[in-house]
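Report on the structure given below.
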Amino acid sequence: MIVFEKVTKKFGQITALEDVSFVIDKGEFVFLTGPSGAGKTTVVRLLLGEYLPSAGEIKVNDKHIQKIPRRILHLWRRKLGVVFQDYKLFNDRTVEENVSLPLQIQKVPAKEISSRVDKVLALVGLSERAHLFPAQLAGGELQRTSLARAIVTAPEILLADEPTGNLDPVTSLEMVKLLKEINEKGTTVLMATHNQEIVDSCKNRVIELDKGKVVRDEKEGKYCKNV
Amino acid sequence: MFKTFRQHIARSPYQSMAAILVVSLSLFLICVFFLLGAGSKVVLQYFESRPQLIAYLKDEAKPQDIELIIARIQSTGKAKQVTYVSKEKALELYKELFKDKPLLLEMVTAKILPASLEVSPYNLSSVNELAEMLKKEPLVEDLDFEEDVVLNLSRFVSSLEKVGLAVAGFLLFIAVLTVLVVLGMKISQRKEEIEILKLLGASSWYICFPLYLEGMFYGLTAAIISWGLSYLAILYSVPFLVNFFSGIPLFPVSTIFMSEVLAGLLGVGIVVGFLGSFLAVLRSARTVR
């Protein structure tokens, strides 16, 4: 369970989030929407422990994120999967190597890495691209690689920060379909997006941010309140 | 992590090469200073081990007189060793010394050679005092002492040690600084990569270890290069130096000694590499931790 309790984040004079509160239950699929600069990425970064809140509390499974010491923050991050808009892949590593990286970091035995990577590449439909480098892939394939890397450790929570931002509509829908499949297996998914088509087609919970504040939290919401 | 370390080097080989060469040059010069110092010490020990004071005795000196002189020298407590060289022993030594020159051996008998007392003091500063004492002995004909040579050599070795230490310190500073700068640049270049690794849950150790490994690799490679160059320099100069230092047990340089030098250089190389990488990590703490 993810709990944001009156969370405020300020960068100097700029307030990125103000009194943001919401609760996301285990296994939920939630869209975090809002225009650019609304504070979506700040929410993701707060969950990753990259930023500390200026006020308020963030709890995940009753654990205060801001109280995790920096030296063991990496252990917390290992419980999360993250998909980025710009993929953040290593260009000098193949798809397979990129996907196996989180497992190597966690010192998973080589044999297990191999079988888990094979499974997850099959899930995202990249088995035949396993030995290609990022420069040899299309945008959708890059994002699927990024997704495969995020889920290969079977994280409890998957954070997707604008994962469809660089993709065409068809590929974006495929990507969301994959995210839904992963969600159906029990992973909590929080997806920050401003892709109206996707949000509207999914009919999932929507938390809308605007100027750092939660302006809407609907169980089966759409991208815009009045549509 | 080892793969990451190999990739770091493969990705920017010229930076790595520059670091290795600068560290090699520093370690080579340090090694040269060390070898000069070690060689000078051997030369000094050679001169110190020889009697620094030789008192030639008059022909009329009788064994009991000689024993008395020896007793007087030993009573000062400043002589490590006093050896009596009789006329016959002096002839033997003379023959040994000039065995290749028969012309010099003709006509020479024990009679014309003086008996002598060879005195080795505990401390070089006592040579003058002992010489003054022996000058007053009526049965001492003449004195020969190498105080100046040994003292000058001793001063030279001492100066060489001081200058060597200062130069070595300076060169080690340059070596550490080079590793720091090169690895600092690499950290800057890999900033984004490091950020991704951190987001994927990599610990500081996972990120820093390849950097430490890289620094130590630079140091180790540089140590081997500098040792090889030093050995080559020794092998090249031995033919000239052998004649110059004839009689002094300096050559051939033992392989055990050179192995010890290699071990020392490897140790220094590892420390330099690790220190440079550690400081680079410290300098970029916000990126890597």
Side-chain angles (χ1 to χ4, degrees), chain A residues 41 44-51 68-94 96-108 110 113 133-134 145-161, chain B residues 1-19 182-218 274 277-289:
Chain A
T41 301
V44 173
R45 291 192 163 189
L46 282 166
L47 277 168
L48 279 167
E50 272 197 271
Y51 300 152
I68 299 173
R70 252 193 113 64
R71 65 189 159 78
I72 56 161
L73 190 62
H74 62 278
L75 298 176
W76 160 245
R77 286 178 178 165
R78 287 178 188 180
K79 292 180 180 173
L80 305 173
V82 198
V83 183
F84 304 94
Q85 180 180 0
D86 57 353
Y87 325 125
K88 293 200 188 300
L89 296 171
F90 287 87
N91 290 323
D92 58 348
R93 293 177 195 233
T94 62
E96 192 177 34
E97 287 168 342
N98 266 291
V99 174
S100 60
L101 191 59
L103 297 172
Q104 284 170 359
I105 287 171
Q106 294 184 30
K107 292 183 182 143
V108 174
I113 290 179
F133 287 91
T145 307
S146 175
L147 176 63
R149 187 181 63 183
I151 60 170
V152 76
T153 54
E156 293 169 33
I157 299 164
L158 182 65
L159 305 172
D161 189 9
Chain B
M1 282 193 274
F2 285 96
K3 192 180 174 187
T4 313
F5 146 73
R6 283 203 308 271
Q7 277 173 342
H8 287 185
I9 292 178
R11 256 191 249 166
S12 44
Y14 294 111
Q15 282 179 6
S16 305
M17 207 187 294
V182 169
L183 287 182
M185 279 162 63
K186 288 196 174 194
I187 292 171
S188 287
Q189 284 169 353
R190 296 182 56 241
K191 202 173 174 179
E192 204 188 328
E193 243 175 66
I194 291 170
E195 286 300 326
I196 300 170
L197 284 172
K198 279 157 74 177
L199 291 173
L200 293 178
S203 61
S204 296
W205 178 247
Y206 187 92
I207 294 165
C208 297
F209 184 68
L211 294 164
Y212 296 147
L213 214 57
E214 195 172 346
M216 288 191 282
F217 172 76
Y218 292 167
F274 178 75
S277 55
F278 179 76
L279 291 174
V281 166
L282 210 64
R283 193 167 150 251
S284 318
R286 289 184 78 178
T287 308
V288 295
R289 285 182 180 171

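Letters go in sequence order (proteins before strands), and every chain restarts at 1. Since this is a predicted model, take the numbers as computed values, not measurements. FYI, side chains are in, hydrogens and waters are out, and symmetry mates aren't considered; it's all heavy atoms of this structure.
Residues Phe90(A) and Glu193(B) come closest through the heavy atom pair CE2-CG, 2.7 Å.
Interatomic distance, Phe84(A) CZ to Leu199(B) CG, rounded to the nearest 0.5 Å: 4.5 Å. To the nearest 0.5 Å, the span separating NZ on Lys107(A) from OG on Ser203(B) amounts to 6.0 Å. For the atom pair CG (Asn98(A)) and CD1 (Ile196(B)), the distance works out to 8.5 Å, reported to the nearest 0.5 Å. Put simply, CD1 on Ile105(A) and NZ on Lys198(B) are 12.5 Å apart, with the number rounded to the nearest 0.5 Å.
Take Glu192(B) and apply the salt bridge (Lys or Arg N to Asp or Glu O under 4.0 Å) test, not counting sequence neighbours, and it matches no residue.
In this structure, chain B has a heavy atom under 4.5 Å from the side chain of Arg149(A), while its backbone stays farther away.
With contacts defined as side-chain heavy-atom distances shorter than 4.5 Å, the pair Ile207(B)/His74(A) does not qualify. Counting only heavy atoms from C-beta outward, the side chains of Leu197(B) and Leu101(A) approach each other to under 4.5 Å.
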